[in-house]
Amino acid sequence: MEAIAGLRGKYLEQIASAADIEALESVRLAALGKKGEISLLMRELGQMGAEARQTAGPALNGLKSEIDAALKARRAGLEDAVLNARLKAEWLDVTLPGRPRPMGTIHPISQVMDELTAIFADMGFSVAEGPQIESDWYNFDALNIAPEHPARQEHDTFFMHRAPGDNRPPHVLRTHTSPVQIRAMQAQGAPIRVIAPGRVYRMDMDQTHTPMFHQVEGLAIDRDISMAQLKWTLEEFCRAFFEVEEVELRFRASHFPFTEPSAEVDIRCSWEGGQLKIGEGKDWLEILGSGMVHPKVLQAGGIDPSQWQGFAFGLGIDRIAMLKYGIPDLRAFFESDLRWLRHYGFASLDQPGLAAGLSR
Ligand code: DAH
């Protein structure tokens, strides 16, 4: 019995002073584990005489339960302490304001492309695309620009390399979006109503020219489309895009190999104190080329010119972006200067459309 009292004192004391859960676990093993001191004693009960067992048995059982209960209580206490320490250390103030993160902006060209796509979509035009590296057939021949035609030189074309000995005409970086007319007609046939916004390339560089710039091509083919619909479509587009009630467009007779008749279109505007106003004043600004699609171009696109006719236009996107948002130098568009991008860029949630950009 003395031995039992000694064990009780020893283990209760070790349990009380166990500093953490691991220490407590070694106390448990030493006392109640398979080879623990108390477990071994209980095993010895079998070899005792009946009398001795009658007193030792209940005493040992009592000791075992008491130590077990003490271990459980201490374990719960230690676990609480661990949790409290974590709660204290990992405390976090959810009422603090969030850390600001630097946000990019939408480039004015991307914004304008979204705006004009939305406007033309409202008029029933879908978007067509073509490659920026184009065959000379799509970029020139199919558009009725013969090999000796001066337009090939006028366009200041970038030519791709051919392998030595390969005498086929070289591919070109497309000089305009007009080849997408051919690709779209081949793919969809008539009737067709598409726009094709995208990058184009010409060897040219000054305040109003960069070697890469953007155009949007328009094409509408049906049984009886005329210049009147071309005029309405362009006026409607300009009214929506420049956000003015009235626009006045001037159609000047011109020449493009892929249209007959052809017209260049100017928009009425005024410059007052460095401020550009669209729709009023006595100045005119050229914004696009257009015309009735040439029969040979329809044929190249696989469309029968005795059945179908329509209009096409090609509009300079960079030019109208400069006009709408008052951006004076074209080259700055493509210099990736962060200060410029922050100033002229758009918030990512700006909706493209009629009111776009007004909140800046
Ligand atoms: N492709 C011409 C250019 O880049 C612009 C143009 C003129 C496109 C008349 C057209 C058009 O579709 O009908 O200068």
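Just so you know, these numbers come straight off a predicted model, no measurement behind them. In each ligand, atom 1 is the first atom listed, and ligand 1 is the first ligand listed.
Side-chain contact, Thr233 with Glu236: no donor N or O sits under 3.5 Å from an acceptor N or O. A donor-acceptor pair shorter than 3.5 Å cannot be found between the side chains of Gln111 and Tyr325. Side chains of Ser270 and Glu280: a donor-acceptor N/O pair is absent below 3.5 angstrom, by distance only.
Residue Thr259 approaches ligand 1 through these ligand atoms, each under 4.0 Å from one of its heavy atoms: 13 (O). Those atoms of ligand 1 that come under 4.0 Å of a heavy atom in Ala312, given as number and element, are 12 (O), 13 (O). Distances below 4.0 Å separate heavy atoms of Gln181 from the following atoms of ligand 1: 12 (O). Residue contact check: Phe256 has heavy atoms under 4.0 Å from atoms 7 (C), 9 (C) of ligand 1. Less than 4.0 angstrom separates some heavy atom of Ser178 from each of these atoms of ligand 1: 1 (N), 8 (C). Heavy-atom contacts of Gln215 reach the following atoms of ligand 1: 3 (C), 4 (O) (cutoff under 4.0 Å). Close contacts of ligand 1 with Gly291, meaning ligand atoms under 4.0 Å from a residue heavy atom, involve 13 (O).
Using a 4.0 angstrom heavy-atom cutoff, Phe311 does not count as in contact with ligand 1. Using 4.0 Å as the threshold, Met292 has no heavy atom nearer than that to any atom of ligand 1.
Screening Phe120, Phe251, Phe237 for a ring-ring contact (aromatic ring centres under 6.0 Å, His included) with Phe313, the sole residue that qualifies is Phe120.
Here the straight-line distance linking atom CG of Leu41 with atom CD1 of Ile4 works out to 7.0 Å at 0.5 Å rounding.
Across Pro257, Gly289, Gly314, Gly316, heavy-atom proximity to atom 9 (C) of ligand 1 is greatest for Gly289. Counting only non-hydrogen atoms, the option in Glu217, Arg202, His255, Glu260 that gets closest to atom 4 (O) of ligand 1 is Arg202.
Between the side chain of Gln309 and the main chain of Ile225, a donor-acceptor pair closer than 3.5 Å is present. Between the Thr259 side chain and the Ser262 main chain, no donor and acceptor come within less than 3.5 Å of each other. When atom types are taken as modelled, the side chain of Arg28 and the backbone of Gly33 share no donor-acceptor pair closer than 3.5 angstrom.
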